[in-house]
**Q** 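My questions all concern the structure below.
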Amino acid sequence: MKIGSIINGQEFKEEHRETLSVFNPYNQEKVAEISLAGVEDVNKAIDQGFKTFHSTMKTMPAYKRSNILLKTANLLEDRKESFAEIIAREAGKPLKYSRGEVDRAVQVLRFASEKAKHIYSEVIPMDAAVGGENRLGFTKRAPLGVVSAITPFNFPLNLSLHKLAPAIAAGNVVIFKPAEKTPVSAYMLVQLFHEAGLPTGALNLIMGKGEVVGDALVQHDKVQKVTFTGSLPVGKNIRKKAGFKKVTLELGSNSPNILFDDADMEQVVEDLVKGAFAFSGQVCISAQRIYVHHSLYDSFLKEYVKQTEALTVGDPLNENTDFGPMINKEAAERAKTWIDDAVSNGARIATGGELKETMLSPTIMTDVKSDMKIIADEVFAPIVSVIPFETEEEVVKHSNDSVYGLQAGVFTKDINRALRVADKLEMGGVWINEISTYRQDNHPYGGVKQSGIGREGVKYAIEDMTELKFIGINLNEKRL
Ligand code: NAD
């Protein structure tokens, strides 16, 4: 299967183009070949998007945008199995989690379809200011125009839709550059939108290497906003280069989960196995640091190791698989060196730590120090550390001792403590009695510090993808 960029509905995969192969990370089976785009393709896509915005999307009524999104949701629901299978093959994500991703993606489209009809504005009390009598003032939320959307490999469908669906709900056009590691689900998604009736120039797909096409997507004068989900170094680079454009950055983290002495241990252990090892830890809010009150530490660790070792490891396409490969060999080898570094500095492996090709076994570490890479940096791999603590003050301090601040989990039956700690944690989001890895697609989501700028979650992304415009009328009779 050879696939290429799609600009104004036309696919570009001529023979002369450089290609890149996509392999199943589990067995190296070739999944697809992508025909790569260059800067001139990006420029063409942006020009086309700009034209389509002014001719069509800018004035498309909300009910039509809403209908297109709903139709896309229904089509995706009908083809759930083929999308889940391709995600399992191109990303190596176990089928049960791939299916979950498609379900969430359908929901995101439905939220966006609803929100497209509820983009409200407000009337300003003009007479609150001296001299404001006889004036009417109100706001309108106007679409921005061309939005560049750059997405990562780990949720190739749902995280793309967190950008595409709100952008279209608001009446924008999108230049969509998915991760080159997982391009097939993105390609299928663009076709779905077109089938649902979206004007072809309103969603243009660029199949390219980030380092080749990235700058053109970020710096072009006709792009009004860049929305990016991915790693911190690329995010920093985008922020530097975007100039006056609006920018949303959804970046990494090393999420803490805190278990106080009254935590409901039974459920938490089971949830944290998923929270640390779902999709091999390649989740931005994966549980990376688990702080356990010293009174629970031994019993927690014993049960956590036991349940982790019971995971069914293997082929992502197997119905029963809980745990599969990492995205590629380089990523798995990088993670293994971080384990080795920690061990050589005194850390212990409670379970896991074995590497074979792309399969890094689910790894639990203990006796870690705060300056080790597996604590201070984002591991983005199946590695979690269990750390004992004594006091609330100490655990809050350790949790906040990070350049990141995306989402945290706090477990306690004491609601006063829970709310106090939630206030003190420097995070974009805090879950109480829920793991850091849990995300619902309608709550505001995004980070503080170097975890990012801006918020997603359909309603919040729409706010960021519109411009607030003020319109005032002088009602003086002589002027009307
Ligand atoms: P990545 O940064 O390597 O790639 C993300 C995208 O950026 C890809 O499409 C890539 O081609 C593109 N890119 C690469 N270089 C670029 C450049 N110079 N200019 C513009 N675009 C460029 O990330 P990844 O490995 O695909 O994903 C993993 C990272 O994503 C992790 O750090 C993870 O925490 C983060 N992430 C964050 C969230 C969130 O919501 N906060 C969600 C998922 C993943």
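The figures here come from the full heavy-atom set of this structure, side chains too, leaving out hydrogens, waters and symmetry mates. As the structure lists them, so they are numbered: ligands from 1, and atoms in each ligand from 1. Note that the structure is a prediction, hence the values are computed from the model and not measured. Count residues from 1 along the sequence.
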**Q** Touching ligand 1 at all, Phe155? Heavy atoms, strictly under 4.0 Å?
**A** no
**Q** Shortest non-hydrogen contact from Ala169 to Ala112?
**A** CB-O, 3.6 Å
**Q** In the protein, which heavy atom is nearest to atom 24 (P) of ligand 1, and how far is it?
**A** Phe153 CD2, 3.8 Å
**Q** Any salt bridge between Lys80 and Asp103, counting N to O under 4.0 Å?
**A** yes
**Q** Can you tell me the protein heavy atom closest to atom 20 (C) of ligand 1 and the distance?
**A** Gly214 CA, 3.4 Å
**Q** Looking only at protein heavy atoms, which one is nearest to atom 40 (O) of ligand 1, and what is the separation?
**A** Tyr445 CE2, 3.2 Å
**Q** Are any of the N/O atoms on Glu378, whether in the backbone or the side chain, positioned under 3.5 angstrom from an N/O atom of ligand 1?
**A** yes
**Q** Output yes when the distance from some N or O of ligand 1 to some N or O of Lys177 is under 3.5 Å, and no in every other case.
**A** yes
**Q** Can you pull out the closest protein heavy atom to atom 27 (O) of ligand 1? Residue, atom name and distance to 0.1 Å, please.
**A** Pro152 CB, 3.3 Å
**Q** Evaluating non-hydrogen atoms only, which member of Ile327, Leu251, Asn328 is closest to atom 41 (N) of ligand 1?
**A** Leu251
**Q** Who gets closest to atom 22 (C) of ligand 1 by heavy atom: Thr229, Val234, Val226?
**A** Val234
**Q** Can you check which of Pro178, Gly230, Ser231, Ala186 brings a heavy atom nearest to atom 2 (O) of ligand 1?
**A** Ser231
**Q** Identify, for atom 7 (O) of ligand 1, the protein heavy atom at the shortest distance, and state residue, atom and that distance.
**A** Phe228 CE1, 3.2 Å
**Q** What is the nearest protein non-hydrogen atom to atom 12 (C) of ligand 1, stated with its residue, atom name and distance?
**A** Ile150 CG2, 3.7 Å
**Q** Taking Leu272 as the fixed residue, which of Val386, Val384, Asn257, Val292 is the one that meets the side chain to side chain contact (heavy atoms under 4.5 Å, CB included) rule?
**A** Asn257
**Q** May I ask you to say whether Glu81 pairs ionically with Arg99, meaning some side-chain N is under 4.0 Å from a carboxylate O?
**A** yes
**Q** Which heavy atom of the protein is the closest neighbour of atom 17 (C) of ligand 1, given with residue, atom name and distance?
**A** Gly210 O, 3.4 Å
**Q** If you measure only the distance, is there a donor-acceptor pair under 3.5 Å linking the side chains of Asn442 and Gln440?
**A** yes
**Q** Any idea which part of Lys181 is under 4.0 Å from ligand 1, heavy-atom wise: side chain, backbone, both or neither?
**A** side chain
**Q** Do the side chains of Lys397 and Asp401 get close enough for a salt bridge, i.e. N-O under 4.0 angstrom?
**A** no
**Q** Run the numbers for me: atoms of ligand 1, each under 4.0 Å from some heavy atom of Asn154, listed by number.
**A** 43 (C), 44 (C)
**Q** Could you check whether Glu463 pairs with Arg141 (Lys NZ or Arg NE/NH1/NH2 to Asp/Glu carboxylate O, under 4.0 Å)?
**A** no
**Q** Do you see a protein non-hydrogen atom under 4.0 Å from atom 15 (N) of ligand 1?
**A** yes
**Q** Look at atom 9 (O) of ligand 1 and find which of Thr151, Leu232, Ile206 reaches it with the closest heavy atom.
**A** Thr151
**Q** Would you check whether Gly452 reaches within less than 4.0 Å of ligand 1, judged by its heavy atoms?
**A** no
**Q** Where on Glu180 is there a heavy atom closer than 4.0 Å to ligand 1, on the side chain, on the backbone, on both, or on neither?
**A** side chain
**Q** Looking only at protein heavy atoms, which one is nearest to atom 42 (C) of ligand 1, and what is the separation?
**A** Cys284 SG, 3.0 Å
**Q** Is Leu406 touching ligand 1 with its side chain, its backbone, both, or neither, if touching means heavy atoms under 4.0 Å apart?
**A** side chain
**Q** Find all atoms of ligand 1 within a distance of less than 4.0 Å from any non-hydrogen atom belonging to Gly252, and give their numbers and elements.
**A** 34 (O)
**Q** Under 4.0 Å, heavy atoms only, figure out whether ligand 1 is touched by the backbone of Leu159, its side chain, both or neither.
**A** side chain
**Q** Go through it in stages, so that I can follow the logic: the residues are Gln407 and Ser253, the test is side-chain hydrogen bond (donor to acceptor under 3.5 Å, both in side chains), and I'd like the CA-CA distance, side-chain angles, deciding distance and then a yes or no.
**A** CA-CA 8 Å; Gln407 210 162 258; Ser253 83; over 6 Å; no
**Q** Salt bridge check, Glu250 against Lys163: does any charged N sit closer than 4.0 Å to a carboxylate O?
**A** no
**Q** If you count the atoms of ligand 1 from 1 in the order shown, which ones are under 4.0 Å from a heavy atom of Asn237?
**A** 18 (N)
**Q** Distance to the ring centre below 6.0 angstrom and angle to the axis at most 45 degrees; does that hold for Arg17 and Phe12?
**A** no
**Q** Taking all heavy atoms of Lys93 and all of Asn154, pick out the closest pair and write down the distance.
**A** NZ-O, 2.7 Å
**Q** With the threshold set at 4.0 Å, does a side-chain nitrogen-carboxylate oxygen contact exist between Asp322 and Lys274?
**A** no
**Q** Looking at Ile34, Thr151, Leu189, which hits side chain to side chain contact (heavy atoms under 4.5 Å, CB included) with Pro178?
**A** Thr151
**Q** Is the shortest distance from a Lys or Arg side-chain nitrogen in Glu11 or Lys2 to a carboxylate oxygen in the other one below 4.0 Å?
**A** no
